[in-house]
Student: 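Shown below is the structure under consideration.
When reading the values below, keep in mind they use all heavy atoms of this one structure, side chains included, and skip hydrogens, waters and symmetry mates. Positions are given from 1, in the same order as the sequence printed here.
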Amino acid sequence: MSAQLAHAESCDAQASTLHAEYTIHTHSAKGDNTKLLNLWRQQNMVAHEYPQTRITETWEHIHNRLIKPTRYFDEHQRAIEYQPGESVHGKTETSWTYRNQLFSDELLASMTPGNIQGDDCLQTQTYTLNKNGAEWTLIWLPELSIAKSFSVVSGSQTIEWSLTTLQFDPAPVDAFFAHRMAYQTTDFADIGDDHTDPFLTKMVHQGFIEKGASGYYNAKGEAIGEGHHH
């Protein structure tokens, strides 16, 4: 095996099983706000964990075609399971790279690529974009398909993502997914039939089950990282 091929295989192995923690800092006239977001990858599964809301969302890539979403309420150890292709919050999942990478291939393609630095799995490439008067800067790790940092600077606010933790040990990743797989799960299609479950009644009432309550959105209400805004 050539050294180059071995390098590619080791980077692919790291990219497919990892835990990345991001600090997301927003600065505006309204004040400063800091949130955490954890990205967990395990082969064909990816999870976005939001510690503030204690909600975890996972997506499973089935046959490299369908995407199966599940929403975990970590505080209650309950889960809502959606079928592949089923509309969640009025939207059907079509972009695996958006979920798996937080920044979709479509978004990367719309940005201007800059210099590549470094020569191992942690090599970086800078991408820039000027959009609606805002300067977007993404420091990308192409071998791992994750962001090292991301910023959106406009006249009204600044949003900065920083990668604070990056781990490739499969044990905590396996434990993270296994813990959630043990939750009591309800199929989304069955929710309307059960009026006796106080958890489901509360979640529907609060809008957690239909409306997205965990993602990160920019000033225009667009999910950050998604390349195809409507």
Side-chain angles (χ1 to χ4, degrees), residues 11 14-15 18-41 46-53 55 57 59 61 67 69 88-166 211-230:
C11 292
Q14 289 188 333
L18 60 76
H19 167 220
E21 181 184 78
Y22 291 92
T23 300
I24 301 172
H25 186 73
T26 305
H27 173 76
S28 69
K30 295 178 182 176
D32 289 16
N33 182 22
T34 301
K35 295 178 179 178
L36 296 179
L37 167 61
N38 287 296
L39 174 72
W40 301 83
R41 281 189 199 152
V46 64
H48 300 175
E49 179 195 8
Y50 301 94
Q52 289 76 216
T53 55
I55 289 176
E57 294 184 298
W59 295 269
H61 207 198
I67 301 173
V88 183
H89 323 131
K91 180 174 178 292
T92 303
E93 291 294 338
T94 55
S95 175
W96 172 249
T97 61
Y98 171 47
R99 296 307 187 185
N100 193 49
Q101 302 170 180
L102 296 169
F103 299 88
S104 68
D105 284 350
E106 294 91 340
L107 177 66
L108 290 174
S110 74
M111 301 181 81
T112 303
N115 294 335
I116 294 179
Q117 295 185 317
D119 56 2
D120 58 6
C121 297
L122 296 177
Q123 71 177 24
T124 61
Q125 183 167 19
T126 303
Y127 286 84
T128 55
L129 175 68
N130 193 316
K131 182 173 180 175
N132 302 324
E135 292 286 340
W136 293 38
T137 305
L138 174 65
I139 309 296
W140 189 244
L141 300 169
E143 296 284 359
L144 301 175
S145 295
I146 61 167
K148 184 176 183 181
S149 67
F150 172 65
S151 66
V152 179
V153 180
S154 67
S156 58
Q157 69 172 3
T158 300
I159 301 170
E160 294 178 314
W161 294 47
S162 301
L163 178 65
T164 51
T165 301
L166 181 59
K211 294 195 276 289
S214 54
Y216 289 95
Y217 299 88
N218 66 16
K220 293 187 167 51
E222 302 166 330
I224 294 205
E226 207 163 358
H228 38 84
H229 304 315
H230 302 296

Student: Evaluate the side-chain proximity of T97 to E106: yes if any heavy-atom separation is below 4.5 Å, no if none is.
Tutor: yes
Student: For a 4.5 angstrom cut-off between non-hydrogen side-chain atoms, does L102 reach Y22?
Tutor: yes
Student: Out of curiosity, T53 OG1 to E57 CD, how far, rounded to the nearest 0.5 Å?
Tutor: 8.5 Å
Student: Would one find more than 12 heavy atoms of other residues, nucleotides or ligands at under 6.0 Å from atom CG of N115?
Tutor: no
Student: Does T158 reach the side chain of T26, with side-chain heavy atoms less than 4.5 Å apart?
Tutor: no
Student: According to the salt bridge (charged side-chain N to carboxylate O under 4.0 Å, His left out) rule, which pairs have a member within residues 94-103, sequence neighbours left out?
Tutor: E93-R99
Student: For a 4.5 angstrom cut-off between non-hydrogen side-chain atoms, does H48 reach L37?
Tutor: yes
Student: CD1/I24 to OG/S151 distance, rounded to the nearest 0.5 angstrom?
Tutor: 12.5 Å
Student: Just to verify, what does H61 make a side chain to side chain donor-acceptor pair (under 3.5 Å) with, not counting sequence neighbours?
Tutor: none
Student: Do you know which two heavy atoms are closest between G114 and Q125, and how far apart they sit?
Tutor: O-NE2, 3.2 Å
Student: Can you tell me how far CG of L129 sits from OG1 of T112, rounded to the nearest 0.5 angstrom?
Tutor: 7.0 Å
Student: Do W136 and F150 have side chains that get closer than 4.5 Å, going by heavy atoms?
Tutor: yes
Student: Could you give the distance from OG (S28) to CG (N33), rounded to the nearest 0.5 Å?
Tutor: 8.5 Å
Student: If I compare all heavy atoms of A147 with all of L138, which pair ends up nearest, and what's the gap?
Tutor: CB-CD1, 3.6 Å
Student: For the residue pair L107 and Y127, establish whether any side-chain heavy-atom pair is separated by less than 4.5 Å.
Tutor: no
Student: Just how far is it from atom CD1 of I159 to atom NZ of K35, taken to the nearest 0.5 Å?
Tutor: 10.0 Å
Student: To check you understand the geometry: which heavy-atom pair defines the closest contact between I67 and P69, and what is its length?
Tutor: O-CD, 3.4 Å
Student: Is L163 close to I139 at the side-chain level, that is, under 4.5 Å between some pair of heavy atoms?
Tutor: no
Student: Taking all atoms of both residues into account, what is the closest heavy-atom pair of Q101 and D105, and its distance?
Tutor: NE2-OD1, 3.3 Å
Student: What are the two closest non-hydrogen atoms of L36 and Q52, and how far apart are they?
Tutor: N-OE1, 2.9 Å
Student: Does some side-chain heavy atom of Q14 sit less than 4.5 Å from a side-chain heavy atom of R41?
Tutor: no
Student: Evaluate the ring planes of W40 and H19, with Trp represented by its six-membered ring, and classify them as parallel (under 30°), tilted (30 to 60°) or perpendicular (over 60°).
Tutor: parallel
Student: Please check this pair: side chain of S162 against backbone of T164, looking for a donor-acceptor N/O pair closer than 3.5 Å.
Tutor: no
Student: Could you measure the distance from the OG1 atom of T128 to the CE atom of M111? Nearest 0.5 Å is fine.
Tutor: 6.5 Å
Student: Which is it for W140 and S145 under the side chain to side chain contact (heavy atoms under 4.5 Å, CB included) test, yes or no, and what are the steps along the way?
Tutor: CA-CA 7 Å; W140 189 244; S145 295; 4.1 Å; yes
